[in-house]
2 protein chains.
Amino acid sequence: MGYTISQVAKKFDLTAHTIRYYDKEGLLPFVDRSKTGNREFSDDDLDWIKLICCLKNTGMPIRQIKQYIEWCLLGDETLEIRRQMFIDHRKEVLRQMEDLKENLKMIDHKLKCYDKSCNISPNTKQLHSL
Amino acid sequence: MGYTISQVAKKFDLTAHTIRYYDKEGLLPFVDRSKTGNREFSDDDLDWIKLICCLKNTGMPIRQIKQYIEWCLLGDETLEIRRQMFIDHRKEVLRQMEDLKENLKMIDHKLKCYDKSCNISPNTKQLHSL
DNA sequence: ATAAACCTTAGAGTCTACTCTAAGTCAAGT
DNA sequence: ACTTGACTTAGAGTAGACTCTAAGGTTTAT
């Protein structure tokens with residue numbers, strides 16, 4: 001049967017506008033159309049979109065995601081370069097996690113200062129960390 | 001003595017343009033000027049900028065950072081609201097870390113598939129995870 | 001004294017990623 | 001038959017965060 005654009009939008013917390021934008025940018029060349037020209041998303045398509053969202057949410061720019069999709073369409077010839085892309089991107093994500101950890105330290109430090117200034121006891125403090 | 005704008009830029013891996021932009025947006029109302037009108041950054045100013053970068057790098061929009069700076073200028077009256085801001089932002093950072101962790105899982109899974117497709121042995125694989 | 005290397009401002013331009021609008025097609029319900 | 005509510009397109013507009021330009025001031029070295 002397949003899913004409509006608004007069903008997919010809801011599933012991935014996107015808008016139909018955004019999905020059409022991704023399609024226009026070349027991120028969804030695999031999506032089929034119904035006789036009336038409407039996009040019809042298969043379960044496989046949902047997997048692609050899931051991966052696209054993963055890459056997007058880890059900071060990969062749309063044109064690089066497009067590059068990846070293009071490599072996928074080219075077949076086995078591009079397996080090694082795609083693998084390398086994931087190796088590099090993995091490193092980048094680990095870097096982001098490290099950065100967040102560092103920044104969290106500073107926020108926790110600031111919060112400790114504010115708890116002191118506001119005369120919040122450690123006990124009360126536990127309430128808002130839940 | 002104090003630091004010049006380009007010294008501060010280098011220190012925080014920003015450009016002088018960006019620092020002036022932050023100033024124009026109201027993020028640096030505390031920075032003094034020399035007799036000739038140049039910005040002169042103190043060590044205290046560097047601490048402020050460090051915090052601003054921390055908030056910016058954890059996804060806080062500039063106008064919210066500006067709001068925070070304004071609250072700071074108002075004094076103790078705003079202590080509680082500033083503390084609440086940090087509590088909320090901390091939650092947001094934890095959420096980002098969770099999201100990254102989830103996305104990393106998917107990237108690792110993809111990578112495993114690519115290692116298989118490229119006939120990479122687990123031993124060889126260890127090389128690129130270093 | 002004049003060039004180099006800083007700094008200043010206002011304001012224009014750019015990039016990314018949407019976000020929306022207008023005009024239109026199609027299928028289903030009353 | 002006609003309204004409602006999906007969907008379609010091309011293309012314009014927006015938001016955020018820079019990024020750069022032009023025109024000019026000051027300090028330092030030759």
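We name chains A, B, ... by the order of the sequence lines, and we start the count at 1 in each one. Quick note: numbers below take in every heavy atom, side chains included, and nothing from hydrogens, waters or symmetry partners.
Side-chain atoms of B:Thr18 do not come within 3.5 Å of backbone N or O of B:Leu14 as any donor-acceptor pair. At least one donor-acceptor pair under 3.5 Å links the side chain of A:Asn103 to the backbone N or O of A:Asp99. At distances below 3.5 Å, at least one donor-acceptor pair connects side-chain atoms of A:Thr58 with backbone N or O atoms of A:Cys54.
The two residues A:Ile87 and B:Leu111 come nearest to each other via the heavy atoms CG1-CD1, 3.7 Å.
A heavy atom closer than 4.0 Å to some atom of DNA chain C occurs in no member of residues 5-15 of chain A. Contacts between residues 45-71 of chain A and DNA chain D, defined by a heavy-atom separation under 4.0 Å, are absent. Of all the residues in residues 18-28 of chain A, A:Arg20, A:Lys24 reach under 4.0 Å from DNA chain D with at least one non-hydrogen atom.
Here CG of B:Asp45 is found 6.5 Å from CD1 of B:Ile49. Values are rounded to the nearest 0.5 Å.
Taking the side-chain hydrogen bond (donor to acceptor under 3.5 Å, both in side chains) definition, one finds that B:Asn57 meets it with nothing, sequence neighbours left out. Remark: B:Glu80 engages B:Arg83 in a salt bridge (Lys or Arg N to Asp or Glu O under 4.0 Å) (not counting sequence neighbours). Considering only residues two or more places apart in sequence or on other chains, A:Glu92 meets the salt bridge (Lys or Arg N to Asp or Glu O under 4.0 Å) condition with A:Arg95. Every side-chain hydrogen bond (donor to acceptor under 3.5 Å, both in side chains) that B:Glu102 has, sequence neighbours left out, goes to B:Lys105. Qualifying side-chain contact (heavy atoms from CB on, under 4.5 Å) partners for A:Asp13, counting only residues two or more places apart in sequence or in other chains: none.
B:Met60 places a side-chain heavy atom less than 4.5 Å from the side chain of B:His89. The shortest distance between side-chain heavy atoms of B:His109 and B:Cys113 falls below 4.5 Å.
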Quick one: which protein N/O atoms are closer than 3.5 Å to N/O atoms of nucleotides 24-28 of chain D? Pair and distance per line, please.
none

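If you walk DNA chain C from 5' to 3' and mark each nucleotide with an atom closer than 4.0 Å to a heavy atom of chain A, the marks span C:dT16 to C:dA27.
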**Study point:** B:Asp115/A:Arg82 under salt bridge (Lys or Arg N to Asp or Glu O under 4.0 Å): CA gap, chis, key distance, verdict
**Key:** CA-CA 10 Å; B:Asp115 283 348; A:Arg82 282 185 269 153; over 6 Å; no
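Residues in residues 9-46 of chain A take part in these ring-ring contact (aromatic ring centres under 6.0 Å, His included) pairs, two or more places apart or across chains: A:Phe30-A:Trp48.
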Between side-chain atoms of residues 62-73 of chain A and protein atoms elsewhere (two or more places apart, or another chain), which donor-acceptor pairs fall under 3.5 Å?
from, atom 1, to, atom 2, distance (Å)
A:Gln67, OE1, A:Trp71, NE1, 3.3
A:Tyr68, OH, B:Tyr114, OH, 2.8

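Heavy atoms of A:Thr4 sit under 4.0 angstrom from primed sugar atoms or phosphate atoms, though from no base atom.
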